[in-house]
Amino acid sequence: QNGRMQQAPPPDPSAQAESLRLKAALQEFYELSFQLNIEKHKQNIISSRLEAMCAKLISQLPPEDRVTFERELKQCKIVTLNNIARLAQQRNPIIITKPPEPIAPSRRPIAHPDAITPPSSLKKARSLSPVNHPHPSPGAPTDAPEPMATSPSLVPGAAAAPAIQQEEAITPPVTVAAASSPSLPPQAGESSTISPDSCVAHTSLALGTPLPSAPNKLAVLPHNDVVCAIHFAASDPSVLLTGSKGCVKIWDISSLTNPPTGSQAPPPPNVATLDCLGGSYVRSCRTSAAHQLMCAAGEHTSLAVWELVPGTHGARLRHAIQTPYDSHYALAMSNLAGPSSQPLCYACTSNGIVGAWDLNTGVCVRTFTGHEGAVSCADLSTDGRTLITGGLDNTVKVWDLVADRLMTTLNFSAQVFSLAACPGTSWVAVGLYNNTIEVLDLSQASLKYQLSLHSGPVLSLNFSHGGRWLLSTGKDRVAVGWRAPFGQPLFQTREGGSLICSDIAPSDLLWATGSGEQYATIYSVSSHPSPTPMLPSSPTLGRPSAVATS
């Protein structure tokens, strides 16, 4: 009325405090669910051992006593909600989930049975019909449904564990005593050890690095065709490589290495275009930080090896390696340094074979056979001793590169389109054709998480180099950030076409995607301080400690 604009009211401090409190409570929920999942697996092991001991005991009883013993044993297995409520009240009598009615002083209050919520049914992964290619055809329209779920189906330990044929443990395990239970002897064919990697090691990774929140789009890089490959150069933080039809483009992203704030930055310059693979689509390109080499592969029989020129953003062709295979869908590059280390590139082929190529000599020094279909994805462990491959035969295979043998085969309910190994741990994320991601511990394959937020096949997966979060993209045109390993959603963003590929910069401050709509997009990691991860109180998997917030 006075002709003056009223200023916006200042933010309510109580609302901000409540928002922080809710975020801390959500973080505590996910951490507790992880600890409860470990406890559940431990109790399952104890239960199976007790079952075996009782079976041996029953076999030694007189026939007239066996029926009685078996009947009593079945009765012991019947547990009602009243039994659980009574036991909980005995252990912690001060917790009352429902206000009690007036009672006599001598009567002991008992928690109401209705306050105990039984676990919900677990969501089963559905199996879809096979496809003939690990990625959608370039330029093909997206047939995934447009709406996406607003709340993820995060089920720790969901569905049945993948079938596993294992010769030896992947990491040397240590014996872990069961908390509050007597020591039980292992049964035949059963290990009495639990790997600490699944419960302690991964939670201590990069505790000082922040987790990403809302992504900030920095630049869009136009192309003339579908972007099927994208990679931040391991040897130069100012270089981004993108692969399209018949070429690899080199982009100077030095202006984005310190992510700006505010409006979208102009596109980085395309400083070089490397023609390769005879005009065929480039499906993967990888660099070796220790040897200044880049390898490109795709829907062609050859591998193109380029020598990167430091400081110039240029490259010189070193080899065009001719192979006996029709196509190469994925590459994994060894970045081990040292006078005796070889620049090895592991190429996944459409013929079900993985070849290890020495990029200096252009010679195939080793082949890995075992997949019954095309090998669609691969990754290496941080120490370079383990190779993990996934294929369209619904399997993931783990190879010991030192002993030169197959260690483990994991079976899944759908074709494997993507995978990623978490740095410094034994966790592996597997992206499937049935729209789900399974994150499992290779040292204890029964411990896994199923992440369901995509509405189309999961085409790419990348762990951050600090190991704290996971990036996934899919045919549903959505990119999702997850907390590793249990999959708390951190952010999601939608683009205009299928997101065929993605990568995270070595600094963990930038990430990028390649789209079927003929462009690549670079994002910065908008982060916020996260609650300190909750560590078990001791290696014996004791009760979880409190969560501290910063």
Side-chain angles (χ1 to χ4, degrees), residues 20 23-24 26-35 37-38 152 154 156 171 195-216 232 234 237 259 379-383 388 418-431 437-443 447-451 453 458 460-473 479-493 502-513 523-536 544-545 547-550:
L20 293 175
K23 287 182 179 179
L26 180 63
Q27 177 68 29
E28 183 177 4
F29 165 77
Y30 282 109
E31 299 285 0
L32 285 175
S33 68
F34 175 69
Q35 296 294 330
N37 191 33
I38 294 177
L154 186 148
T171 55
S195 171
D197 292 337
S198 61
C199 55
V200 179
H202 75 279
T203 57
S204 61
L205 283 176
L207 295 182
T209 59
L211 292 172
S213 56
N216 178 29
F232 288 94
D379 202 0
L380 285 164
S381 61
T382 307
D383 58 8
I388 308 164
S418 55
L419 64 81
C422 184
T425 75
S426 55
W427 289 98
V428 172
V430 181
I437 303 170
E438 294 194 11
V439 184
L440 62 150
D441 186 352
L442 292 181
S443 63
L447 180 59
K448 72 170 186 177
Y449 299 91
Q450 187 179 85
L451 316 182
L453 188 57
V458 182
S460 76
L461 288 171
N462 292 276
F463 276 103
S464 66
H465 296 264
R468 296 202 64 197
W469 60 283
L470 172 70
L471 173 66
S472 65
T473 67
V480 184
W482 312 84
R483 173 75 182 272
F486 45 79
Q488 173 192 354
L490 300 173
F491 65 83
Q492 58 180 302
T493 184
S502 64
D503 196 21
I504 301 176
S507 64
D508 286 346
L509 297 178
L510 299 175
W511 58 276
T513 61
Y523 295 87
S524 67
V525 174
S526 299
S527 57
H528 55 79
S530 59
T532 302
M534 179 172 54
L535 300 176
S545 57
V547 177
T549 57
S550 57

(message) To the nearest 0.5 Å, what is the distance between CD1 on Ile437 and OH on Tyr449?
(response) 15.0 Å
Check [X] against [Y] and note the closest heavy-atom contact, atom names and distance.
X: Ala429; Y: Leu470; value: CB-CD2, 3.9 Å
X: His465; Y: Asp508; value: N-OD1, 2.8 Å
X: Leu490; Y: Trp469; value: CD1-CB, 3.8 Å
X: Gly467; Y: Cys422; value: O-SG, 3.6 Å
X: Ala479; Y: Thr473; value: CB-CG2, 3.9 Å
X: Gln492; Y: Leu453; value: NE2-CD2, 4.2 Å

(request) Using the side chain to side chain contact (heavy atoms under 4.5 Å, CB included) rule, pick out the option among Pro215, Ser464, Pro212 that qualifies with Val525. (result)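 Of the listed options, the one satisfying the test is Pro212.
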How would you list, by chain and number, every residue that makes a side-chain hydrogen bond (donor to acceptor under 3.5 Å, both in side chains) with [X], sequence neighbours excluded?
X: Thr493; answer: none
X: Ser502; answer: Ser460, Asn462
X: Ser472; answer: His454, Trp482

(message) For a 4.5 angstrom cut-off between non-hydrogen side-chain atoms, does Leu211 reach Phe491?
(response)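 In short, these two side chains do not touch, never coming nearer than 4.5 Å.
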(message) In the structure I gave you, are the side-chain heavy atoms of Leu442 and Ile388 within less than 4.5 Å of one another anywhere?
(response) yes
(request) Classify the ring geometry between Tyr523 and Trp511 as parallel (under 30°), tilted (30 to 60°) or perpendicular (over 60°). (result)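 Judged by the thresholds at 30° and 60°, the geometry between Tyr523 and Trp511 is parallel.
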(message) Taking side-chain contact (heavy atoms from CB on, under 4.5 Å) as the definition, give me every residue that meets it alongside Ala420, ordered by chain and number, with sequence neighbours left out.
(response) Asp379, Leu461, Phe463
